[in-house]
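Below, chain A is the first sequence line, B the second, and so on; all start at residue 1.
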Amino acid sequence: MNYDFTEIEAKWQKYWAVNQTFKAVNNSDKEKFYVLDMFPYPSGAGLHVGHPLGYIASDIYARYKRHKGFNVLHPMGYDSFGLPAEQYAIQTGQHPAITTETNIARYREQLDKIGFSFDWSREVRTSNPDYYKWTQWIFIQLFNSWYNNDSNKAEDIATLVSIFEKEGNETVNAVSDEDIVAFTAEEWKAFDTKKQQEILLQYRLTYLADTEVNWCPALGTVLANDEIVNGVSERGGHPVIRKKMTQWSMRISAYAQRLLDDLATIDWPQPLKDSQTNWIGRSQGASAVFKVKGHDAVIDVFTTRPDTIFGVSFMTLAPEHELVSKITTPEQKAEVEAYIEATAKRSERERMADVKTISGVFTGAFAEHPFTKEPIPIWIGDYVLAGYGTGAVMAVPCGDQRDYDFAKHFNIPIPNIFEGVDISEEAFADKEKTIITNSDFLNGLPYKKAMKLAIYELEKIGQGKGKINYRLRDAVFSRQRYWGEPFPVYYVDGMPQMIDAKHLPIALPEVEKYLPTETGEPPLGNATVWAWDTVSNSVVDNSKINNTTVWPLELNTMPGWAGSSFYFNRYMDPNNENEIFSKTAIDYWQDVDLYIGGSEHATGHLLYARFWQKFLFDKGVVPKNEFAKKLINQGMITGTSAFVYGFGVGVKNIDENKGVVKLQRYIVPKYSFDKAVKGDFDDLMLSVVEKELSRFKEVGNIDVEWDKSLSALTPLHVDVNFIDASNVLDKELLLNDIKYSDLEFVSENEYIVGREVEKMSKSKYNVVSPDSICEEYGADSLRLYEMFLGPLEQSKPWNTAGITGTHGFLKKLWKLYHTGENGAFYVTNSPPLEGSGEALKTLHKTIKKVEEDIENFSFNTSVSTFMIAVNELSAQKCTSRSILEQLIILVSPYAPHIAEELWNKLGHSESISTAPFPKFDASHLVESSKEYPVSFNGKMRFKLELPMDFSKDQIEEAVMSHEKTIEQLAGRAPKKVIIVPGKIINIVG
RNA sequence: GCUCGAGUGGCGGAAUUGGUAGACGCGCUGGAUUCAAAAUCCAGUUCUUCGGAGUGUGGGUUCGAUUCCCACCUCGAGUACCA
C-alpha cells in the first residue's frame with residue numbers, strides 16, 4: 001500500500017473540522033498556552049509559500065504543547081480593513097466588503113489545505129461590525145481618559161474635572177498639549193461648556209487637534225510616520241507633503257517611558273527592541289530659555305549638552321518656527337521670507353536626499369545668553385526640524401558637527417570650550433573625554449558634573465530645567481478613507497461628542513463613490529445617511545440635521561492599526577456581544593505566550609498594540625501590562641528566479657528598413673552570454689550573428705552589417721515552474737507561453753537556466769503557491785520542507801526542487817509501518833527484544849533532540865533528526881509497536897496528517913493530537929564504549945575505540961602504545977597529553 | 001553616517017556550555033532494477049601536488065577556536081540632519 005497523501009490529508013482535514021478537534025475552551029484544569037500568529041491582510045494575490053512559514057512554526061509549537069498536556073489557544077483571523085480593497089473599489093465600483101469576502105474565502109481555502117490546528121470558531125475580522133464595535137469602544141475609553149504623571153497611569157477624565165473644580169489646573173501633573181493656559185477653580189467653573197470641552201481635549205488620550213500631518217495627495221489621505229518609507233508612501237510609493245489639518249491623535253507620548261522600560265520585561269528579539277528604542281528616541285538633557293533682545297518673546301530650546309552652554313555662538317530656528325515672523329528685522333525680512341518659501345516648496349524627500357547642502361538665513365534678531373548676557377545672532381535653517389523638540393537649537397559649533405558646518409559656511413565664530421582640543425578641522429563631540437573651559441562656573445569640570453551644574457544654575461535663574469525629550473510623536477489617528485472603522489463621534493457646534501457605548505457599533509454607511517467629495521471631504525462625506533439623532537440614538541438621514549437634536553457625524557475613519565491593536569485579547573472571547581471579553585476568559589488566558597510574525601511591524605503594529613495594552617491595563621480591563629511574553633520574527637522566504645539569456649543581434653544601416661524585418665531574440669547559453677557581456681563573442685555567438693544576417697538577406701533581401709555595440713544582451717526572467725530540479729528548462733512549456741513565444745534557442749541541447757535569489761514577486765515569475773505544492777507533494781511535505789529550509793528567523797531562498805527530500809522522507813516513514821506482504825501495514829506487539837536496544841536508543845535520542853529543538857524553535861534540525869531516526873529504524877528493520885507508536889507522536893506536530901493516519905492504523909480511535917508526548921529515558925543512551933578521536937596538536941588523525949569506564953591513565957596507556965600514535969609522533973616525545981574522558985584525546989608534541 | 005544581524009562544500013544548511021567541521025537534504029557521479037523511463041535501492045561526493053590544508057581576511061587567548069577577544073573586509077536589515 002502506497003503513501004496516498006491526497007486521500008489521507010483530505011480525510012483528516014475533514015475529520016478535524018467535523019470534530020472541532022482544536023476548539024479551545026475558556027476554562028480548564030489544564031494549564032493554558034496561547035500561540036498567536038500575526039493575522040494577515042487578505043490580499044487579492046493569495047498566499048505564496050513564504051507566507052505560511054510562521055504559521056507552520058506556530059502550528060508545530062501549538063500541537064507540541066497539546067501533546068504536552070496544555071489547553072492551547074491557537075486562533076486565526078483577518079486584518080480586513082485596508083487600502084487595496086478600497087483602491088479596487090475606486091477603480092471598479094465594487095464594494096470593498098465584497099472584495100474582502102472573496103479574498104478571505106481564498107485565504108481560508110489555502111490555509112485549510114496546509115492542515116493548521118486553528119480554532120476557527122474564534123475567527124475575527126476587523127471589518128466586521130461585531131468586531132469594530134469594540135475598536136470604537138476602546139476609542140471612547142481613550143477619549144474619556146487622561147494621563148496622570150503622579151500616579152503614572154491613565155485615569156478617568158472625571159477625576160481631572162474634579163481637580164479642576166477644586167484647584168484649577170496649576171497642580172495637575174498631566175501629559176497634555178504644550179500650549180496649556182493656567183486657570184483657577186473659579187475660572188474653570190465660570191467657563192462655558194464649550195470652553196471646558198476645549199480644555200479637556202488638551203488632556204484626553206485621544207484628542208482632536210490641528211496637526212502638521214503627512215498628506216499623500218495621490219492616496220487622498222494622511223499617513224502615520226511608520227507608513228512612510230524614504231519620504232514616499234509605503235503603499236504605492238506616492239509623494240508625501242506636510243499639511244496642517246484637524247485630526248484625531250493618540251497621546252502615545254504619554255506612554256513613551258513605559259514602552260521603553262517594559263521592553264526589558266518581554267522576551268522579544270533584540271533587533272526589534274532596538275528599533276522600538278530608537279523609534280521612541282529618548283534623550284536626556286535640559287530645556288533652556290533664551291530671551292530675545294528687544295522683544296518680550298523667549299526661545300525655548302532642548303539640548304542634550306547643557307554643559308556646553310558657554311559655547312553657544314548662534315541660535316537656529318526651524319523655518320516653520322512661529323517666532324520667525326515676529327522677530328525678523330525689516331532689513332532681513334525679504335531674505336527670510338524667500339528662504340521660508342523655498343524650503344516649504346521642497347518636498348520632504350528632497351530635503352532628506354540633500355543633507356549636505358548647508359542653507360540658512362540670519363533673521364537680524366539677537367537672543368541674550370542666559371549667563372553672559374551677550375547677544376547671540378538668531379538664524380533660521382532647514383537642518384532644524386520643526387517637529388523635534390521645540391524646533392529651535394542653541395548652536396554650539398565646537399561641539400556639534402552640524403552647528404560647526406553651519407558656522408563655517410556663514411563665517412560665524414566658533415569659540416572653543418574644550419580643554420586641549422583642536423577644533424580647527426571639525427567639531428569635538430566626545431562626551432567622555434571632555435573637560436570644559438572658557439565657561440565661567442563650569443571651568444575644569446568633566447561632562448557629567450558640568451551638565452548637572454549647568455542645569456542647576458539654569459533652574460536657579462528660572463531659565464531652564466532638566467528635561468527628557470522623546471522622538472516619538474503622538475500618533476495621528478484619522479484617515480480620509482472609506483474602508484476603515486467609523487468614529488463613534490458626532491459634532492455639536494464643532495465640538496466632538498462620543499456616542500454612548502450602548503449604541504455601538506456605528507456601522508459604515510453606504511456611499512455612491514469611494515473618492516473624496518468635490519469639496520475635498522473624506523469619502524464618508526458622500527454618505528447621505530450619516531447624521532446622529534440624539535433622541536432616537538440612531539444614524540439618520542443627513543437632511544434631518546437640525547443642530548438641536550440631530551448632528552453631523554465624523555467623516556474620517558480609523559487607521560489600519562486600530563483593529564490590530566487588541567485582536568489578541570478579543571480572540572479570548574470573540575463572540576461576546578456584551579463585553580469586549582468576559583472576565584472568565586481574560587482571567588484564564590491572560591496574555592499571549594508565543595507570538596510569531598514579521599519584523600516589518602516593529603514600529604507600527606507592535607508599538608501601538610503595546611500602547612493600547614498598557615492603557616487597557618491602567619483601566620483594569622486586562623491583567624497584563626504587556627500582551628505577548630515571547631515574540632519571534634520569522635524570516636522572509638525569497639524566490640529563486642530563473643533566467644534565460646537573450647541575444648538580439650544589433651545591425652547597422654537598418655533605419656530605412658525598420659519594420660520590414662523584425663529582430664529575432666535568440667536564447668544563448670549562459671557562458672557565451674557572460675563572455676559577450678565582457679565584449680568577447682565566442683564562436684557560438686558569432687554563428688548567431690551570421691544566422692541573423694543571413695535571415696535578413698532571406699526574409700527582407702537586405703544586406704546589413706553587424707554592430708557589436710548595438711547588440712542587446714538581456715537576461716530574461718522565466719517562470720520557475722518551467723524548470724526542473726537540475727535547472728534544466730522545459731523549452732516546450734516556455735515556448736507555449738504567449739509571453740515567450742518569439743524566442744528562438746540557438747541549440748537543440750537542453751538549456752540550463754541561470755538562477756538568482758530575489759524577493760518573491762509576480763513580476764519576477766518566481767512565485768510558488770502552496771496549493772500547487774500541496775497538490776503535488778502534500779501538505780505534510782510542504783510543512784516539513786518549509787521548516788527544513790533553515791532557521792526560522794533567517795531569510796532563505798525557496799527552491800522547489802529540494803522538496804523531494806522531505807517527501808521522500810515521508811514515503812520512508814510510511815514504509816516503516818508497511819513492511820507486510822505487498823506493503824501491508826505491519827507492526828509487532830512484542831516488546832523490543834533484548835539485545836536489539838538499538839531501536840530504543842534511536843527512539844530516545846530522537847525524543848531528546850526533538851524536544852530540545854522545539855523548545856528552542858530550531859525546527860529545521862528536528863526534521864533532520866526525524867530523517868536520521870527513520871533511516872536508522874529502517875536499517876534495523878524495526879517493526880515494534882512500542883517504538884513506532886512513540887515515533888509517530890514525535891512526528892505529529894510537523895506532519896499531522898500522516899501521523900493521524902498511522903496512529904489510526906495502530907488501532908487508536910481518537911485523534912493523535914492530545915496523545916502524551918514521549919518521555920525521554922536517558923538510560924537507553926548509556927554506552928559501554930567510546931570511539932575516541934585522537935588529535936595531534938588539535939588535528940584529529942585517527943579514532944580509537946575504548947571502554948567507557950577506562951580511567952585517564954588507562955586511556956593514555958592505550959593511546960600511547962597504539963601503532964598510529966607511534967607513526968604520528970615519528971620518534972618525538974610528546975610534550976603533553978590531554979585526555980577528557982568520554983570526549984577527546986589530544987597529544988601535543 | 002549610526003544601530004543591529006550574517007559570512008561554513010556546487011546549493012539550503014548542521015556542529016546546543018570551546019572538544020571528531022561539513023550531520024540531514026538537494027544537486028552531481030557511478031552501479032543495481034527496467035524493453036525503456038519514472039519510482040526505488042546501493043556506493044561516492046570540501047579542496048588536495050595525497051604530505052596535508054581548510055569555516056570572509058589578519059592577529060590574539062587556549063593543549064584545542066566555526067564557537068571567545070581585537071582589527072579589518074563583504075553582504076543584508078532598520079534608521080536617517082533627533083539638537
Separation of the [atom1] atoms in [N] and [M], to the nearest angstrom:
N      : M      : atom1 : answer
B/rG22 : B/rG12 : C1'   : 13 Å
B/rC41 : B/rC47 : C1'   : 30 Å
B/rG7  : B/rU67 : C1'   : 14 Å
B/rA83 : B/rG76 : C1'   : 31 Å
B/rC68 : B/rU61 : C1'   : 8 Å
B/rU57 : B/rU8  : C1'   : 15 Å
B/rU16 : B/rG10 : P     : 24 Å
B/rC69 : B/rA23 : P     : 28 Å

Specify the separation, in whole Å, of atom [atom1] of [X] and atom [atom2] of [N].
X        : N      : atom1 : atom2 : answer
A/Met451 : B/rA83 : CE    : P     : 11 Å
A/Arg755 : B/rG27 : CZ    : C1'   : 12 Å
A/Ile752 : B/rC28 : CD1   : C1'   : 12 Å
A/Lys811 : B/rU40 : NZ    : P     : 4 Å
A/Leu385 : B/rA83 : CG    : P     : 11 Å
A/Ile468 : B/rC82 : CD1   : C1'   : 16 Å
A/Trp798 : B/rC26 : CH2   : C1'   : 13 Å
A/Ile309 : B/rA83 : CD1   : C1'   : 13 Å

ask   = Mind checking whether A/His962 and A/Phe942 have parallel, tilted or perpendicular rings, split at 30° and 60°?
value =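 Answer is parallel, since the angle falls under 30°.
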With a 3.5 Å distance limit and no angle check, can you tell me whether [X] reaches the backbone of [Y] through a side-chain donor-acceptor pair?
X        : Y        : value
A/Lys952 : A/Pro981 : no
A/His807 : A/Ile803 : no
A/Asn766 : A/Lys759 : yes

ask   = For B/rG51, does the glycosidic angle fall within 90° of 0 (syn) or outside that (anti)?
value =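 Here B/rG51 takes the syn form, which means its glycosidic angle is within 90° of 0.
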task = Determine if the base of B/rG31 is syn or anti; take syn to mean the glycosidic torsion is within 90° of 0.
result =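 Here the answer is anti: the torsion falls beyond 90° from 0.
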key: A/Tyr339 and A/Ser359 side chains, donor-acceptor separation under 3.5 Å   =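 There is such a pair (donor and acceptor under 3.5 Å, judged by atom type) between the side chains of A/Ser359 and A/Tyr339.
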inquiry  = Quick one about A/Ser283 and A/Tyr388 (side-chain donor to acceptor, distance below 3.5 Å, no hydrogens or angles considered), yes or no?
reply    =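 Side-chain D/A pair, A/Tyr388 to A/Ser283: present.
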request  = Any chance you could measure A/Glu852, atom CD, to A/Thr861, atom OG1, to the nearest 0.5 Å?
outcome  =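 Between A/Glu852 CD and A/Thr861 OG1, I get 9.5 Å after rounding to 0.5 Å.
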inquiry  = Rounded to the nearest 0.5 Å, what separates atom CZ in A/Phe859 from atom CG in A/Leu53?
reply    =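 One finds 10.0 Å between CZ of A/Phe859 and CG of A/Leu53.
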message = Nearest heavy atom decides the nucleotide; on that basis, is A/Glu931 or A/Asn469 closer to the 5' end of RNA chain B?
response =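 Taking each residue's closest nucleotide, the earlier one in sequence belongs to A/Glu931.
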From [options], nucleotide with atom closest to [X] side chain:
X        : options                : answer
A/Asn871 : B/rG25, B/rG78, B/rA83 : B/rG25
A/Ile868 : B/rA83, B/rU40, B/rA23 : B/rA23
A/Trp279 : B/rA80, B/rA83, B/rC63 : B/rA80
A/Asp274 : B/rC41, B/rC26, B/rU3  : B/rU3
A/Ser275 : B/rG78, B/rC82, B/rC24 : B/rG78

So what's [N] paired with, Watson-Crick or G-U wobble, going by both distances under 3.5 Å?
N      : value
B/rC2  : B/rG78
B/rA83 : none
B/rU16 : none
B/rG25 : B/rC11
B/rC72 : B/rG56
B/rU66 : none
B/rC35 : none

For A/Ile984, side-chain contact (heavy atoms from CB on, under 4.5 Å) partners two or more places apart =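 Once residues adjacent in sequence are excluded, the partners of A/Ile984 under the side-chain contact (heavy atoms from CB on, under 4.5 Å) criterion are A/Pro933, A/Val980, A/Asn986.
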inquiry  = Please evaluate residues A/Lys408 and A/Tyr404 with respect to the criterion side chain to side chain contact (heavy atoms under 4.5 Å, CB included), reporting the C-alpha separation (whole Å), side-chain torsions for both, the decisive distance (0.1 Å), and the verdict.
reply    = CA-CA 6 Å; A/Lys408 268 267 152 96; A/Tyr404 186 93; 3.2 Å; yes
ask   = Is there a side-chain contact between A/Trp798 and A/Ile773 (heavy atoms, below 4.5 Å)?
value =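 Touching, per the 4.5 Å side-chain cut-off.
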task = Report the C-alpha separation of A/Lys845 and A/Glu872 in whole Å, then their side-chain angles, then the decisive distance to 0.1 Å, and conclude whether the side chain to side chain contact (heavy atoms under 4.5 Å, CB included) test is met.
result = CA-CA 12 Å; A/Lys845 82 178 180 196; A/Glu872 286 182 4; 2.9 Å; yes
inquiry  = One character per nucleotide, please: for nucleotides 6-19 of chain B, 5' to 3', B when the base has a protein heavy atom closer than 4.0 Å, S when only the sugar-phosphate does, - otherwise.
reply    = ------BSS-B--B
inquiry  = Does A/Thr804 reach a base, just sugar-phosphate, or nothing at all? Heavy atoms under 4.0 Å.
reply    =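 If one applies the 4.0 Å heavy-atom cut-off, A/Thr804 turns out to touch the sugar-phosphate alone, with no base involved.
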request  = Pick base, sugar-phosphate or nothing for A/Ser935, based on heavy-atom distances below 4.0 Å to the nucleic acid.
outcome  =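 If one applies the 4.0 Å heavy-atom cut-off, A/Ser935 turns out to touch nothing in the nucleic acid.
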Polar atom pairs between nucleotides 47-55 of chain B and protein, under 3.5 Å, N or O only, would you list them?
none

